[in-house]
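For reference, the structure discussed in these notes is given below.
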Amino acid sequence: MAKSIVKELQPRDVEILKGLYDFRALSTEQIMVYYHISKWYTYKKLSALRNSGYIITTPIKGYNPNQCRQGNYHRITETGIACLRKQGYSIERRAYDLRVRIRHLPFLFMTNEILMTLRQSNWEVQDSRDAKKQHNLNRGVNIQGIVKNSSDKEFVLYSFLENTSIKNVEKIASEIAMHKFRDYLFICRGGGSFQSIINRFKDSDEVVKSQSFKVFPRGLGKDYLTAFEGSEKKFNSYLEKVLKPKLFFKTSFKSRKVFKGLNQVVSHNGEEKYLVNLLDSDLVKIYNIKRYRKEDFGMDGRKVLVVTEPNLKAIHQNLLESVHHVDFIEVTQGEIKAAHNNLKMEE
DNA sequence: TACCCCACGCGGGATACACT
DNA sequence: AGTGTATCCCGCGTGGGGTA
């Protein structure tokens, strides 16, 4: 049978080519999910694009360590780029500039997955190259991208696979010490790297100098960031909705002293407490809670009510073990995901 | 022609078992 | 125990059949 080629370029074909140009490499699955194409038609579409010379396909190796067939990934060719140019896109890079080193591929896949997921909800994303270019950063820095939510807050993104070397973490620490950003987002694929990031940065100078320093396991990160866009306001209104009447937010309250990071008072089971949402495992928040000392609590009288996730609770408790005036409430990842779907339905 | 779906083939790690 | 061989299993993706 003759090989199928692209007869008429569809809008979606162009989008796929644009995606490959932006993200440099995408797996079959990523294309399938991101462009909402049925499984088998994705294969068909991709093979037509391939046969027409727009893309080049290579098997993935080393991404899923315990699986032999890990699927293919695709990159755009010079022909594909010419095609984009014809469609009116301003194109600066050549196919040669978009090639990916094999060792780098797993990192790229993971980061792309995050960037694409965020771009689908209300985030603006910049990949590492764009981010470095715009902020005049050395091309060797490990920044994986910069993401901006709907309230224009910008986070610097770092992502990690299962394990990460001490050397790598230290390199990132020195980058953070050096540059001027204040908000950070760390996304970790495995518990190993999650724990190493937490251990390295808890109570560190880097955290003290930051406004936020959020550390997520990959799945929770994707669900949380798409559901609430990293906005405490959106999260708070969700929380109030699901927990009423047990919990509601106080708009006016008196304090003899203002404690940094403790600016949200709630009434929980009839008791006034400071609410801190730790679903993002923000190390700045943890630092602030720890500075609310026993004497402060004695004077103020409000406990801290921490929102945690069942799988992270032990870690959070451990981080806060020196603080005794803390209560926990749990929100599961599943509930976050469901909240997101519900919000989508309402739109 | 664009799109969707199913059956099956394929590759190779994992596992089980036999043999030395 | 260590090595060789057969089989299973899993998930990817092609070929072909189908619909609007």
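Lettering follows sequence order; numbering is per chain, from 1. Because the structure is a prediction, the values reported are computed rather than measured.
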- Side-chain N or O of A/Asn72 less than 4.0 angstrom from OP1 or OP2 on C/dC12? no

- Rounded distance in Å - OH (A/Tyr73) to C1' (C/dG13): 18 Å

- Message: Between A/Phe155 and A/Tyr184 (judged by ring centroids, cut-off 6.0 Å), do the two rings come close enough to count as a pair?
- Response: no

- Pairs satisfying salt bridge (charged side-chain N to carboxylate O under 4.0 Å, His left out), at least one member in residues 21-31 of chain A, at least two apart: A/Lys18-A/Asp22, A/Asp22-A/Arg119

- Query: So, is A/Thr28 near the phosphate of C/dC12, with a side-chain N or O under 4.0 Å from OP1 or OP2?
  - Reply: no

- Query: Can you tell me how far P of B/dA2 sits from CD1 of A/Ile16, to the nearest Å?
  - Reply: 13 Å

- Between B/dA2 (P) and A/Tyr35 (OH): distance, integer Å: 19 Å

Listing time: all N or O pairs from protein to nucleotides 4-8 of chain B that are below 3.5 Å?
| from | atom 1 | to | atom 2 | distance (Å) |
| --- | --- | --- | --- | --- |
| B/dC6 | N4 | A/Trp40 | NE1 | 3.1 |
| B/dA7 | N6 | A/Trp40 | NE1 | 3.2 |

- Taking only residues two or more places apart in sequence or in another chain, which ones pass side chain to side chain contact (heavy atoms under 4.5 Å, CB included) with A/Glu229? A/Asn122, A/Trp123, A/Asn149, A/Ser150, A/Lys234

- Residues pairing under ring-ring contact (aromatic ring centres under 6.0 Å, His included) where one sits in residues 313-334 of chain A, two or more places apart or in two chains, turn out to be A/Tyr292-A/His325, A/Phe297-A/His325

- Length of the line joining A/Leu46:CG and C/dG13:P, which is rounded to integer Å: 9 Å

- Just how far, in rounded Å, is P of B/dC3 from CE of A/Met32? 16 Å

- Message: Which Ile, Leu, Val, Met, Phe, Trp or Tyr residues join A/Trp40 in one cluster when any pair of side-chain heavy atoms under 4.5 Å counts as a link?
- Response: A/Tyr43

- How many Å lie between OH on A/Tyr43 and P on B/dG9, as a whole number? 17 Å

I'd like a table of donor-acceptor pairs (distance under 3.5 Å, sequence neighbours excluded) in which one partner is a side-chain atom from residues 257-272 of chain A, with atom names and distances.
| from | atom 1 | to | atom 2 | distance (Å) |
| --- | --- | --- | --- | --- |
| A/His268 | ND1 | A/Lys273 | NZ | 2.9 |
| A/Glu272 | OE1 | A/Arg302 | NE | 2.7 |
| A/Glu272 | OE1 | A/Arg302 | NH2 | 3.1 |

- Message: Less than 6.0 angstrom separating the ring centers of A/Phe213 and A/Phe186, yes or no?
- Response: yes

- Side-chain contact check for A/Gln10: nearest option of C/dT14, B/dA2, C/dG13 is B/dA2

- Item | Touch class at under 4.0 angstrom, heavy-atom based, for A/Thr42 against every strand present | nothing

- Query: What integer distance in Å separates A/Lys45:NZ from C/dC12:P?
  - Reply: 21 Å

- Task: Check the distance between B/dA2's P and A/Asp13's CG and give it to me in whole angstrom.
- Result: 8 Å

- Within less than 4.0 Å of OP1 or OP2 of C/dG13, is there a side-chain N or O belonging to A/Arg50? no

